[in-house]
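Written below as structure tokens is the structure these notes are about.
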Amino acid sequence: IAGSCAVQDSQDHMAVNIRERWTLDQARTFSGYPVFYLGEEFEGQRPALIFRTIVGDDANSVPSVWRDSISFTYCRCDINQNSDFGDTLDELVTPRCNAPQELIQKYITERELPPSPIFAGPGGSEVQFYGAAHIWIGEVVVIIAGDTSEEEQLRAVKALRAINSPGEA
């Protein structure tokens with residue numbers, strides 16, 4: 001299924017519910033939309049879990065439901081040893097149309113969260129913090145959260161890099 005916000009059935013709602021465990025190689029070859037990640041290691045944490053998720057739910061249900069996303073969970077653990085994940089750093093990438101800044105601002109206002117300025121990030125991106133870092137990069141938004149401080153999230157924002165090159169043959 002191609003990425004983006006266009007995977008719909010005739011009743012104008014999502015027709016599929018998919019959650020697939022992925023590998024870094026699958027993320028590298030994904031062509032649906034740009035995917036950013038923190039690398040194969042970030043401050044001693046490795047990507048233990050990677051999922052591609054497509055859900056059949058309301059795209060306006062921010063932030064818990066994203067129509068199409070790829071998520072990375074970083075930890076200092078060995079997933080193959082069934083070890084405790086401990087503190088994790090979670091990253092989610094979704095097309096911008098699933099999480100436009102206007103929708104995020106509406107979410108902040110409705111929940112009476114303190115305002116957070118939007119500032120320039122790496123590569124011309126726009127970054128906003130309120131419990132999680134939201135980074136708008138071109139046609140996608142990257143959300144960094146988890147058992148982390150705002151300082152660690154900012155370091156993660158600076159470490160973001162593309163893992164794939166959609167549109168290249």
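Along the sequence shown, the residues carry numbers beginning at 1. Every heavy atom of this structure was used, including side-chain atoms; hydrogens, water molecules and symmetry mates were not.
Ring-plane geometry between F72 and Y37 is classed as tilted, the angle between the planes lying from 30 to 60 degrees on a 0 to 90 degree scale.
Within the 4.5 Å cutoff, the side chain of F30 has heavy atoms near those of the R52 side chain. Using a 4.5 Å heavy-atom threshold, the side chains of I144 and L89 count as touching. Counting heavy atoms from C-beta outward, V140 and R96 have side chains that stay 4.5 Å or more apart. You'll find the side chain of I50 reaches within 4.5 Å of the side chain of L24, heavy atoms only. Between I137 and L160, some side-chain heavy-atom pair lies under the 4.5 Å cut-off. Within the 4.5 Å cutoff, the side chain of L49 has heavy atoms near those of the R21 side chain.
Atom OG of S69 sits about 4.5 Å away from atom CG of L92, to the nearest 0.5 Å.
Listed for the R46 side chain is a donor-acceptor partner under 3.5 Å among the backbone atoms of E40. At distances below 3.5 Å, at least one donor-acceptor pair connects side-chain atoms of E41 with backbone N or O atoms of E43. Checking side-chain atoms of N164 against main-chain N and O of P34 turns up no donor-acceptor pair under 3.5 Å. Side-chain atoms of Q153 come within 3.5 Å of backbone N or O of A133 as a donor-acceptor pair.
D68 and Y33 share a side-chain donor-acceptor pair at under 3.5 Å.
Residues satisfying the side chain to side chain contact (heavy atoms under 4.5 Å, CB included) criterion with Q26, sequence neighbours excluded, are W22, T23. Residues forming a side chain to side chain contact (heavy atoms under 4.5 Å, CB included) with R19 (at least two apart in sequence, or on another chain): F51, T53.
Here the closest heavy-atom approach between residue G39 and residue Y74 is recorded as O-OH, 2.9 Å. In this structure, L38 and E91 approach most closely via the heavy-atom pair N-OE1, 3.8 Å.
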>> Evaluate E152 against Q45 for side chain to side chain donor-acceptor pair (under 3.5 Å), listing each step before the verdict.
In response: CA-CA 12 Å; E152 185 177 12; Q45 299 180 74; 3.1 Å; yes
